[in-house]
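Right, one structure below, let's go through it.
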Amino acid sequence: MNVAEKVQEALKAEIKAAVLKAGLAEEAEVPAVVLEVPKEKAHGDYSTNMAMQLARIAKKAPRAIADDIIAHFDSSKASIEKIEIAGPGFINFYMDNSYLTDLIPVVLREGDDYGRTNAGNNEKVQVEFVSANPTGDLHLGHARGASVGDSLCNILDKAGYDVTREYYINDAGNQINNLALSVEARYFQALGHDKEMPEDGYHGQDIVGIGQKLADEFGDKFVNMEEKERFNTFREYGLKYEMEKLKKDLEDFRVKFDVWYSETSLYQNGKIDEALAALREKGHIYEEDGAVWFRSTAFGDDKDRVLIKNDGSYTYLTPDLAYHKDKFDRGFEKVINVWGADHHGYIPRMKAAVEALGYNPDQLEVEIIQLVHLYKNGEKMKMSKRTGKAVTMRDLVEEVGLDAVRYFFAMRSSDTHMDFDLDLAVSESNENPVYYAQYAHARICSILRQGEEQDLTVNEQADLSPLKAEKEFELLKKIGDFPQAIAEAAEKRIPHRMTNYVQELSAAFHSFYNAEKVLDAENKPLSEARLALIQAVQVTLKNALQLIGVSAPEKM
RNA sequence: GCGCCUUUAGCUCAGCAGGAUAGAGCAACGGCCUUCUAAGCCGUCGGUCAGAGGUUCGAAUCCUCUAAGGCGCGCCA
């Protein structure tokens, strides 16, 4: 707990104590003390609505209750300068903010770790995200999912959860057969043969590339190969190629997974049979029309679901269900799936499956990422899987820049439908909010560099009492908010809370920068105190940007 | 028809475990560079929080209904 948090806790405790001393309510009746930072500076540094909350219990007017609370309040317990009653019964606290400077040595000492808390109690959490089929390039929607998923993981980790990042590879089933056939067709085409693409083939440019590569490397070696053998060769080659490309693209996007979980492995090590047996044993399975069904309606689903089709093969649900069983068997307390909105209809059946297997369905959380539409020249771009005409994640990064893309996706709440105007993102890239934050960081670095030339450097022992300007306290308060902002983003699973924080901290810095000068050879004590302050800002800002996968440049 | 998401300033969006006069960026307008990076700062303009009911001392926020838009309702993945 940092100084700011300690003071808030002390304040809360004293408010509660005052309520009890005033005899306004019994211990058990006192609502949790809500402390908030008023939007208006004129309303103090902190305020509480306690008097209003007690109105019914104490059967008195809120303002009268507020008077009672203040009468029994011991200001010496928390750095209070002044207390006022305002509006319908708010109690506003004006703090003696000098205690805030104690934050600085803490931030400087903790460095990269500043912001870390144990809010998550080391809970074992698994986050599955992206999990795109290895049958084509990652597109816009995957980019959003990657950005949100990775940021969420970073945040959970910093907030004290034990996080595992996982990618589920759909390397079994029909789509991979289609991949093999698509590769085959492109290979023949590359050799000049007249070969049609399979009906559900993948038309992406990447597959054309694979065909060309095979033709270049191996010539007509495969043309006369036995069909089955050729199919298997292309299947394997295509899969390997696609997976390598996928990993590379994600790494370039600053996303790394702890586990790449293969669907095929579920077949090989009997996990699917195991899951089916478990369901059968519990009586959640029946046969009809030559197929095997899961009675998911018993767990709130709209209709029962087929697990084994009448041709003997599995539906998509079956291995996925086994995969989720395995997640819980591996000891994860919370399993979070980041899915595109086009899969939201899939949630009830997966929840049903989890429950039918004997787990608490609340342990499975699904974060739905709404769809992204790309606009160019004011027109919505058509994305067609069939023709392979889609803007890839790689294209987007090349055109807009990685930091901007990461920030842009992390900035918005996951459940807003998003229109990505490419022209705007490119042409006005300088006005993208990401530069606002990065610029603040670069400015700080610049001051630190110039300070060194003037023999003014950050001294951890520096006397911080010269810091007493309002802008300085505001900046310090923002720095102090960081751990709580992370905890909130983690608990509510809202990475975009972090970009809000980044904006607020950057704004507080820019405002300070324009109001006060850091380097002043004539006033070394003040310069040293301010250098320590801005270094604390630098550390905090860098850590915050790191959480959302955005770099903190030293120069711009 | 059913389910999920969205509707807040001209535009893009925050705010939604109820709190004071609803915020930010862009756009528009007016100021600030002989002083640490003007990719910045300060100010002005701009709102029936889609609409109607309800709960509450208090609703953008919670509940119900309506409207508009998006997505989904396969023995596809």
Side-chain angles (χ1 to χ4, degrees), chain A residues 32 34 36 38-40 42-43 47-49 52-53 55-56 61-62 86-90 92 132-133 135 170 173-176 178 200 263 288-293 302-303 305-317 319-320 340-348 366 368-371 373 408 411-421 424 428-440 442-451 453-454 456 488 491-492 496-497 499-500 503-504 506-507 509-520 527 530-531 534 555-556:
Chain A
V34 177
E36 55 182 35
K39 285 172 224 161
E40 292 285 327
H43 294 146
S47 93
T48 182
N49 60 358
M52 277 114 82
Q53 288 193 301
R56 200 177 313 168
F90 288 99
N92 296 334
N133 287 347
T135 53
N170 294 115
N174 234 345
Q175 75 277 6
I176 296 301
N178 282 327
D200 298 314
E263 181 187 358
E288 196 175 288
D289 300 332
V292 174
W293 296 72
D302 288 342
K303 50 184 91 163
R305 306 294 171 179
V306 170
L307 293 176
I308 306 178
K309 302 182 231 171
N310 58 20
D311 69 356
S313 64
Y314 298 130
T315 60
Y316 181 81
L317 176 62
D320 204 15
D342 50 341
H343 288 88
H344 75 258
Y346 192 73
I347 299 172
V366 181
I368 290 300
I369 310 289
Q370 290 298 325
L371 303 183
H373 291 121
F408 198 74
M411 191 165 66
R412 285 154 167 76
S413 158
S414 301
D415 48 28
T416 57
H417 307 266
M418 199 170 152
D419 292 339
F420 200 123
D421 189 328
L424 201 73
E428 299 196 349
S429 62
N430 280 3
E431 269 139 29
N432 189 304
V434 69
Y435 298 106
Y436 183 76
Q438 291 186 317
Y439 187 52
R443 266 184 159 173
I444 293 169
C445 293
S446 173
I447 297 171
L448 292 172
R449 279 192 300 269
Q450 289 184 46
E453 286 169 20
Q454 299 173 36
L456 292 169
E488 189 195 346
E491 278 161 31
K492 294 185 181 172
H496 73 277
R497 171 73 182 86
T499 56
N500 294 153
Q503 287 302 302
E504 290 167 10
S506 307
F509 172 74
H510 284 307
S511 182
F512 158 78
Y513 176 91
N514 277 275
E516 315 289 347
K517 196 153 159 53
V518 176
L519 301 174
D520 180 1
S527 297
R530 285 184 171 163
L531 279 168
I534 67 167
K555 275 185 186 168
M556 280 176 78

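- Distance check: A:D419 CG to A:L371 CG gives 11.0 Å after rounding to the nearest 0.5 Å.
- For A:S47 and B:A20, a side-chain-to-base donor-acceptor distance below 3.5 Å is present, hydrogens and geometry of angles not being considered.
- Remark: C1' of B:C26 and OH of A:Y435 are 16 Å apart, rounded to the nearest angstrom.
- Distance from the side chain of A:H496 is smallest for B:G15 among the nucleotides B:G15, B:G19, B:C36.
- When both distances must be under 3.5 Å, the Watson-Crick or G-U wobble mate of B:A38 does not exist.
- Using a 4.0 Å heavy-atom criterion, one finds that A:D342 contacts the sugar-phosphate atoms exclusively.
- Comparing B:C75 with B:G10, their P atoms sit 47 Å apart, to the nearest whole Å.
- Counting to the nearest Å, the P atom of B:C13 and the CG atom of A:N432 are 13 Å from each other.
- At the heavy-atom level, A:L519 lies under 4.0 Å from base atoms of the strands shown.
- A:T499 comes within contact range of no nucleotide atom at all, as no heavy-atom separation falls under 4.0 Å.
- For the C1' atom pair drawn from B:C5 and B:A28, the interatomic distance equals 33 Å after rounding to whole Å.
- Comparing the P positions of B:U44 and B:A24 gives an interatomic distance of 10 Å, to the nearest angstrom.
- A 3.5 Å limit on both hydrogen-bonding distances identifies B:U7 as the Watson-Crick or G-U partner of B:A67.
- With hydrogens and angles ignored, the 3.5 Å screen pairs no side-chain donor or acceptor of A:H417 with any backbone N or O of A:H373.
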Quiz item: Between A:N49 and A:F90, does a side-chain contact (heavy atoms from CB on, under 4.5 Å) hold up when you go through it step by step?
Solution: CA-CA 5 Å; A:N49 60 358; A:F90 288 99; 4.2 Å; yes
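- Here B:C36 presents its P atom at 11 Å from CG of A:N514, a figure rounded to the nearest Å.
- Checked against B:C75, B:G40, B:A20, the side chain of A:H510 finds its nearest nucleotide in B:G40.
- For A:T416 and B:A14, the shortest distance from a side-chain N or O to OP1 or OP2 is below 4.0 Å.
- Residue A:E263 is classed as having no contact, given no heavy-atom separation below 4.0 Å to the nucleic acid.
- Relative orientation of the A:F512 and A:F509 rings is tilted, given thresholds of 30° and 60° on the angle between their planes.
- Taking atom P in both B:C49 and B:A59, the straight-line distance is 12 Å, to the nearest Å.
- Phosphate contact (OP1/OP2 of B:U7, side-chain N/O of A:H417, threshold under 4.0 Å): absent.
- Proximity of A:K309 to the phosphate of B:G74: no side-chain N or O atom is located under 4.0 Å from OP1 or OP2.
- Relative to the side chain of A:H344, the nucleotides B:U6, B:C36, B:C4 differ in distance, and B:C4 lies closest.
- Side-chain atoms of A:P88 and A:P62, non-hydrogen and from C-beta on, never get closer than 4.5 Å to each other.
- For A:H343 and B:G72, the ring-to-base geometry does not satisfy the stacking test (centroid distance below 5.5 Å, interplanar angle below 30°).
- Pair assignment for B:A60 gives none, since no Watson-Crick or G-U wobble pairing has each distance under 3.5 Å.
- Checking B:C76 for Watson-Crick or G-U wobble geometry (two distances, each under 3.5 Å) identifies no partner in any strand.
- OP1 or OP2 of B:G74 sits under 4.0 Å from a side-chain N or O of A:K303.
- Comparing B:A20, B:A77, B:C36 against the side chain of A:Q450 picks out B:C36 as the nearest.
- In this structure, CD in A:Q450 is found 11.0 Å from CG in A:L456, a value given to the nearest 0.5 Å.
- Both the sub-6.0 Å distance and the 45° axial angle are satisfied by A:R443 relative to the ring of A:Y513.
- Comparing B:A77 with B:C73, their C1' atoms are spaced 15 Å from each other, to the whole Å.
- Comparing atom distances between the A:Y513 side chain and each of B:A77, B:C4, B:C36 picks out B:C36 as nearest.
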Practice problem: Output, in order, the C-alpha distance, side-chain angles, deciding distance and verdict of side-chain contact (heavy atoms from CB on, under 4.5 Å) for A:L531 and A:V518. | Solution: CA-CA 7 Å; A:L531 279 168; A:V518 176; 3.9 Å; yes
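- If you check B:A14, B:A17, B:C36 against the side chain of A:K492, the one that comes closest is B:A17.
- Comparing atom distances between the A:R443 side chain and each of B:A20, B:A38, B:C4 picks out B:A38 as nearest.
- When all heavy atoms of A:I534 and A:L448 are compared, the pair lying nearest together is CD1-CD2, 4.1 Å.
- Looking at heavy-atom distances under 4.0 Å, A:N49 makes contact with a base.
- Distances shown here put a side-chain N or O of A:Y436 below 4.0 Å from the OP1 or OP2 atom of B:C41.
- Side-chain proximity of A:Y316 to B:A77, B:C41, B:C75: nearest is B:A77.
- With both ends at atom C1', the span from B:C33 to B:U8 equals 37 Å, rounded to whole Å.
- Checking B:A14, B:A39, B:C71 against every side-chain atom of A:A341, the shortest atom distance belongs to B:C71.
- As the counterpart of B:G23, B:C13 is assigned, both hydrogen-bonding distances of the Watson-Crick or G-U wobble pattern falling under 3.5 Å.
- Of the listed nucleotides (B:C4, B:C36, B:A20), B:A20 has the atom at the smallest distance from the side chain of A:F90.
- Here, B:A60 and B:G54 have their P atoms 15 Å apart, quoted to the whole Å.
- As judged by a 4.0 angstrom heavy-atom cut-off over every strand, A:S511 is placed among residues touching the sugar-phosphate backbone only.
- The residue A:N92 sits close to a base: some heavy atom pair falls under 4.0 Å.
- The distance from atom CG of A:D419 to atom P of B:U6 is 15 Å, rounded to the nearest whole Å.
- Where A:M418 and A:R305 each meet RNA chain B at their nearest nucleotide, the meeting point lying more 5' is that of A:M418.
- Distance CD (A:E504) to P (B:G15): 11 Å, rounded to an integer number of Å.
- Side chain of A:E263 to main chain of A:P319: no donor-acceptor pair is present (N/O by atom type, distance under 3.5 Å, no hydrogens or angles).
- The separation of B:G72 from B:U66, taken at their C1' atoms, amounts to 22 Å, rounded to a whole angstrom.
- The partner of B:U44 is B:A28, judged by Watson-Crick or G-U wobble contacts that both fall below 3.5 Å.
- Applying the 90° criterion around 0 to the glycosidic angle, B:C32 comes out anti.
- Looking at heavy-atom distances under 4.0 Å, A:D200 makes no contact with the nucleic acid at all.
- Residues A:P433 and A:M556 each lie close to RNA chain B; by heavy-atom proximity, the contact nearer the 5' end of the strand is made by A:P433.
- Rounded to an integer number of Å, the gap from A:D320 CG to B:C76 C1' is 14 Å.
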